[in-house]
Amino acid sequence: CVLETDLVDAKTEFGFVTREFRPRESCRECRRGDRNDSINDILDDVTIDNYDMGRRKSRIVVTGNTYDFHEAFKEFGGRFVRDLEDREGSGWVFKIKNRGGLITLLQKEKKIAEKVEEKRSGCEKCNGELDEVKKFNMMFKVGIGPEEEEAYLRPETCQSIFVDFPRLFKTMRGKLPIGIAQVGKSFRNEIAPRQSLLRLREFYQAEIEVFCNPTKLDDLEKFSEVENTTLRIQLDEEVKKITCKEAIESGIIPNKFVAYYLAVLSEFYEKTGINMEQSRFRKLGEKEKAFYAEIAFDFEVKTTIGWLELVACNYRSDYDLSSHANKSKEKFQVMDNDEKVLPHVFEISMGIDRSLYCILEHSYRDDKENERVVLSIKPYLAPVHVGVLSLVKKDGLAEKTDEIYLQIKTKFDSFLDHSGAIGRRYRRLDEIGAPFAITIDHQTKEDNTVTIRSRDSMNQDRVKITELEAILSKETGYP
């Protein structure tokens, strides 16, 4: 939609692919399915015991029906085995690359299922009995080509940036710090999509990866631009308003580099129309943050359905580049002046759909005094910039209205409307968020002036037709 495109265009920044499996349980009565999000706590309790497996030389023969070992091989085995065959009466035979790793994996799978079974209760919806725990792949599997070669849709957009970083840095004549953004569709196999735009299987994601020299995180000249920018940071249960400079001095934010980008993010959302008094940066604890993150903040906004995470801000250190380098044997180090460094990464990962929802909700208001509903969206984000209206259709006003509409429609998102009472047409434009309305009346034919009405104030001013383009350009341009 136009508003979604405007939101993406409004920012000049932002733009792992992992195969993630989680325990899934479903109710036998109502078939409600849930992802077990206490998996991290469960993993903490898992201990490894000896596992009864037949062994011979470079192979392991697995017998019994405790697991579907063929599926286990397909999903996990590539890290540990070279080949797999089914011998009748003797189970699956694995040619082992990493015997200890495979045994540990299978043991852990069994223990996870046991721990989930111990900790779970009945269905939250109907109190029915829960079915057995199953593995659930949160990536979408697809078949490519006539042979349906196995592949997976990306669950996020950032990994291609990391893989291509040496090439991107070279072709962009890069100098640290450098930000690389990507905007596009991501796909996550959510068990229960719900709440309209808030939890989807297919969604727009915009991520920016800022690569930096880890020895210069407090050597940032641009920090002076934002040192007095106020951030709302949640500490325990309290949201504290604090400047970037004070946040660093108190140790809430570890360095100027992270503080700078949190401030830029805050300023961006303020310009989209989000009520910043209803927002917060929530610092994540050790059990909440992702495994790759050394420092993590979630930017959240309060809505009618509660606090909603819009942006994940993670200091990923060199986790991604070092992992790709170790696996590919390629060099990911770059020169920063005369120093050779493996850059660290600060990531800002934005959900476009969720952001769009919050902008709409925070912009909507019921103006009871004037008996109207208004979408007070920022003019530069509005899907319709201006309505062009004729007071009446007769006396040549319709033709004059068409002429003015043709003049401005190529530069502004315009809506032409001839029919209905003028007050009702104003209200319709208010409801869809059009910030301005131009009315052509009988005086227009006499002196080439029109009435331009502001959505928020409802003020009407008389201006010359020749001035319309300059006025609209100024009012609908990005700040």
How about Thr243 and Glu227: does a side-chain donor come under 3.5 Å of a side-chain acceptor? no
Which residues satisfy the ring-ring contact (aromatic ring centres under 6.0 Å, His included) test with Tyr261, sequence neighbours excluded? Phe257
Apply side-chain contact (heavy atoms from CB on, under 4.5 Å) to Ile295 and Asn314, showing your working. CA-CA 6 Å; Ile295 304 159; Asn314 296 303; over 6 Å; no
Which value, rounded to the nearest 0.5 Å, describes the distance between Ile180 atom CD1 and Ile208 atom CD1? 9.0 Å
Summary of salt bridge (charged side-chain N to carboxylate O under 4.0 Å, His left out) pairs that have at least one residue in residues 294-313, sequence neighbours excluded: Arg280-Glu300, Arg282-Asp298, Arg282-Glu300
Just jot down the ring-ring contact (aromatic ring centres under 6.0 Å, His included) partners of Tyr260, sequence neighbours excluded, or say none. none
The criterion is side-chain contact (heavy atoms from CB on, under 4.5 Å); which residues satisfy it with Ser224, sequence neighbours excluded? none
Please say whether more than 12 non-hydrogen atoms of neighbouring residues, nucleotides or ligands are located less than 6.0 Å from NZ in Lys409. no
Which residues satisfy the ring-ring contact (aromatic ring centres under 6.0 Å, His included) test with Phe281, sequence neighbours excluded? Phe299
Any ring pair (Phe, Tyr, Trp, His ring centres under 6.0 Å) pairs touching residues 208-235, not counting sequence neighbours? Phe165-Phe211
Sequence neighbours excluded, every pair satisfying side chain to side chain donor-acceptor pair (under 3.5 Å) that has a member inside residues 321-335: Gln159-His324
Any chance NZ of Lys185 has more than 12 other-residue heavy atoms, nucleotides or ligands included, within less than 6.0 Å? yes
With the side chain counted from C-beta on, respond yes when Asp430 and Leu375 share a heavy-atom pair under 4.5 Å apart, and no when they do not. no
Which pairs, with at least one residue in residues 270-279 and sequence neighbours excluded, count as a salt bridge (charged side-chain N to carboxylate O under 4.0 Å, His left out)? Arg232-Glu277, Lys241-Glu277
Does the pair Glu286/Lys289 count as a salt bridge with the N-to-O cut at 4.0 Å? yes
Value rounded to 0.5 Å, distance of OG in Ser266 from CG in Leu231: 5.5 Å
Checking side-chain polar atoms at under 3.5 Å, does Thr304 have a donor or acceptor matched by the opposite partner on Glu361? yes
Under the side-chain contact (heavy atoms from CB on, under 4.5 Å) test, residues paired with Pro435 that sit two or more places apart: Pro379, Ala382, Arg455
Salt-bridge present (Lys256, Asp218; N to O < 4.0 Å): no
Closest heavy-atom pair and its distance - Leu217, Cys212: CD2-SG, 3.6 Å
Taken in chain and number order and not counting sequence neighbours, the residues that satisfy ring-ring contact (aromatic ring centres under 6.0 Å, His included) with Phe297 are none
Side-chain donor-acceptor pair under 3.5 Å between Tyr204 and Glu202, yes or no? no
Start with the C-alpha gap between Ser376 and Asp456, add the side-chain angles, then the distance that decides, and say whether side chain to side chain donor-acceptor pair (under 3.5 Å) holds. CA-CA 7 Å; Ser376 298; Asp456 297 331; 3.3 Å; yes
Using the rule given for side chain to side chain donor-acceptor pair (under 3.5 Å), can you reason through Glu267 versus Thr229, listing the C-alpha separation, both sets of side-chain angles and the distance that settles it, and then say yes or no? CA-CA 8 Å; Glu267 291 175 354; Thr229 298; 3.0 Å; yes
I need the minimum non-hydrogen distance between Pro155 and Arg188, along with the two atoms involved. O-NE, 2.8 Å
I'd like to know if the side chain of His385 reaches the main chain of Ser414, judged simply by a donor and an acceptor atom lying under 3.5 Å from each other, with no hydrogens or angles considered. no
Sequence neighbours excluded - side chain to side chain donor-acceptor pair (under 3.5 Å) pairs with any residue from residues 335-347: Asn213-Asp336, Asn213-Glu339, Lys216-Asp336, Tyr315-His344, Arg316-Glu347
Residue set satisfying side-chain contact (heavy atoms from CB on, under 4.5 Å) with Thr171, at least two apart, ordered chain then number -> Arg167
